[in-house]
Amino acid sequence: MSAALVWIRRHLLALAALAVLVYMLVPNVVVAVFSFNNPSGRFNYEWNSFSTQAWTNICGTPGICSSLGLSLKIGITASIIATILGTLVAFALGRHRFRGRAATNLLIFMPMATPEVVMGSSLLTLFVMMGVPSGQGAILIAHIMFCLSFVVVAVKARVASLDPRLEEAAADLGATPLQTFLRVTLPLAAPGIAAGALLAFSLSFDDYIITNFQASPSSITFPMYVWGAAQRGTPVQINVIGTLMFLVALTVVIAGQVISSRRNKKVAA
């Protein structure tokens with residue numbers, strides 16, 4: 001009994017982490033399992049029989065692929081623009097002292113702390129006053145705005161951990177400021193930039209509340225389609241797309257870890 005307690009104490013943290021990981025992955029497993037279901041009614045909530053029909057005909061439900069394409073288009077565009085702007089802001093805040101720096105940090109944090117209902121309604125009021133029509137353009141502007149804050153936080157944390165002596169060494173060896181930035185600073189900050197870009201894309205693709213305020217009848221994103229479909233009957237294709245998105249995200253994360261591990265091994269060698 002004492003040996004068992006000793007083993008539990010030694011592995012308690014690992015067991016707790018494993019339990020949390022399993023708890024987080026259970027919904028994804030349920031979604032993946034029900035993507036192979038053949039429901040007997042309109043709702044895909046009870047297991048009926050195994051079928052691959054939804055996987056072979058993902059666009060079988062009207063409107064699902066068009067809404068998915070719109071979400072991917074807005075998510076990729078918003079993440080690229082937010083990553084570029086957020087990286088510049090993060091370097092400015094992390095490397096330079098200027099008047100209004102504290103106020104800028106506060107403004108960057110506000111979109112993260114503001115409830116989405118308040119932000120969505122405020123943006124709608126602003127767009128109406130400025131004459132900006134609802135639709136893809138308004139959604140894209142809104143997504144860039146709230147994704148920007150998360151990119152700044154992610155990149156700023158990476159910039160703060162950089163060793164300035166590496167840049168000083170590059171300058172001592174004759175590198176120009178541009179060469180130092182491109183060959184030393186930017187590669188070192190790349191993990192934070194990539195993390196900010198992935199976070200921005202996931203937040204943009206997943207957003208419903210803010211998007212619902214800015215959308216028009218012709219600009220239905222995938223989360224809005226899922227919400228509307230849930231009122232009438234959930235098609236199995238929604239589970240298929242959710243499973244594919246999870247697998248793509250998992251592949252990107254694993255690939256990033258493998259590349260980082262190989263790079264660390266080369267540096268150590």
Side-chain angles (χ1 to χ4, degrees), residues 71-114 116 119 123 136-171 173 175-207 210-211 214 245 248-264 266-267:
S71 288
L72 291 174
K73 176 183 175 182
I74 293 176
I76 293 173
T77 307
S79 60
I80 291 175
I81 298 176
T83 300
I84 295 174
L85 297 177
T87 300
L88 297 176
V89 174
F91 272 97
L93 293 175
R95 290 295 181 85
H96 301 283
R97 303 285 179 178
F98 54 90
R99 183 176 298 178
R101 183 170 178 267
T104 303
N105 279 316
L106 179 61
L107 291 175
I108 292 297
F109 178 75
M110 284 183 64
M112 302 172 61
T114 304
E116 291 189 350
M119 187 183 301
L123 285 173
Q136 297 185 28
I139 296 174
L140 179 61
I141 295 173
H143 284 207
I144 293 173
M145 190 204 71
F146 70 76
C147 288
L148 182 64
S149 300
F150 292 92
V151 174
V152 171
V153 172
V155 178
K156 184 181 175 184
R158 181 64 179 177
V159 170
S161 65
L162 298 182
D163 189 353
R165 292 176 296 181
L166 297 175
E167 297 172 327
E168 295 172 0
L173 293 174
T176 63
L178 180 60
Q179 290 175 331
T180 301
F181 177 78
L182 294 178
R183 297 186 179 183
V184 179
T185 308
L186 190 59
L188 292 174
I193 297 174
L198 292 175
L199 181 61
F201 175 78
S202 62
L203 290 171
S204 174
F205 184 86
D206 185 60
D207 183 77
I210 297 177
T211 304
Q214 321 307 329
M245 293 299 296
V248 169
L250 185 63
T251 302
V252 171
V253 172
I254 293 176
Q257 292 296 325
V258 171
I259 294 173
S260 178
S261 177
R262 291 181 178 178
R263 185 177 299 172
N264 292 335
K266 289 181 179 180
V267 173

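Both backbone and side-chain heavy atoms feed into the values below; hydrogens, waters and symmetry mates do not.
The NZ atom of Lys156 lies 14.0 Å from the OG1 atom of Thr87; values are rounded to the nearest 0.5 Å. Leu199 CG to Phe150 CZ: the interatomic distance, rounded to the nearest 0.5 Å, is 6.5 Å. The distance from atom OG1 of Thr176 to atom CG of Leu182, rounded to the nearest 0.5 Å, is 8.0 Å. Interatomic distance, CG of Leu148 versus CE of Met112, reported as 11.0 Å (0.5 Å rounding). Distance check: Leu85 CG to Ile144 CD1 gives 7.5 Å after rounding to the nearest 0.5 Å. The distance from atom OG1 of Thr114 to atom CE of Met119, rounded to the nearest 0.5 Å, is 4.5 Å.
Proximity of a side-chain donor or acceptor of Ser204 to a complementary backbone N or O of Ala200 within less than 3.5 Å is not detected. For Ser79 (side chain) and Gly75 (main-chain N/O), a donor-acceptor pair under 3.5 Å exists by modelled atom type. Panel note: side chain Ser161, backbone Arg158; a donor-acceptor pair is recorded below 3.5 Å. A donor-acceptor pair under 3.5 Å is absent between the side-chain atoms of Thr180 and the main chain of Ala170, judged by distance alone. Not a single donor-acceptor pair under 3.5 Å links the side chain of Arg95 to the backbone N or O of Ala90. Remark: side-chain polar atoms of Arg101 are paired, donor with acceptor, to backbone N or O of His96 under 3.5 angstrom.
Qualifying side-chain contact (heavy atoms from CB on, under 4.5 Å) partners for Pro177, counting only residues two or more places apart in sequence or in other chains: none.
Pairing each heavy atom of Ile210 with each of Ala142, the nearest pair is CG2-CB, 3.9 Å. Contact record, Leu140 with Ile74: CD1-O, 4.0 Å, taken as the closest heavy-atom pair. When all heavy atoms of Phe146 and Pro111 are compared, the closest pair comes out as CA-CB, 4.5 Å. Leu203 and Cys147 make their closest contact through CB-SG, 4.5 Å (heavy atoms, listed as atom of the first residue, atom of the second, distance). Smallest separation of non-hydrogen atoms from Gly100 and Thr104: O-OG1, 2.8 Å.
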Next on the checklist: Working note: Val252 + Phe201, criterion side-chain contact (heavy atoms from CB on, under 4.5 Å); need CA distance, chi angles, decisive distance, verdict.
Outcome noted: CA-CA 13 Å; Val252 171; Phe201 175 78; over 6 Å; no
Checklist entry - Phe205 and Ile76: side-chain contact (heavy atoms from CB on, under 4.5 Å), yes or no, with the steps? => result CA-CA 9 Å; Phe205 184 86; Ile76 293 173; over 6 Å; no
Next on the checklist: Working note: Val153 + Phe109, criterion side-chain contact (heavy atoms from CB on, under 4.5 Å); need CA distance, chi angles, decisive distance, verdict.
Outcome noted: CA-CA 8 Å; Val153 172; Phe109 178 75; over 6 Å; no
Item to check | Audit row: Asp206, Ser202, side chain to side chain donor-acceptor pair (under 3.5 Å) steps and yes/no | outcome: CA-CA 6 Å; Asp206 185 60; Ser202 62; over 6 Å; no
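Met145 is listed as a side-chain neighbour of Leu123, based on a closest heavy-atom distance under 4.5 Å. Side chains of Ile193 and Leu186 form a contact here, defined as non-hydrogen atoms less than 4.5 Å apart. When side chains are defined from C-beta on, Ile141 does not count as touching Gln214, because their heavy atoms never get closer than 4.5 Å.
The side chain to side chain contact (heavy atoms under 4.5 Å, CB included) test with Ile80 is passed by exactly one of Thr83, Ile84, Thr77: Ile84.
Between Arg183 and Glu167, no side-chain nitrogen of the basic residue sits less than 4.0 Å from a carboxylate oxygen of the acidic one, so the salt-bridge criterion is not met.
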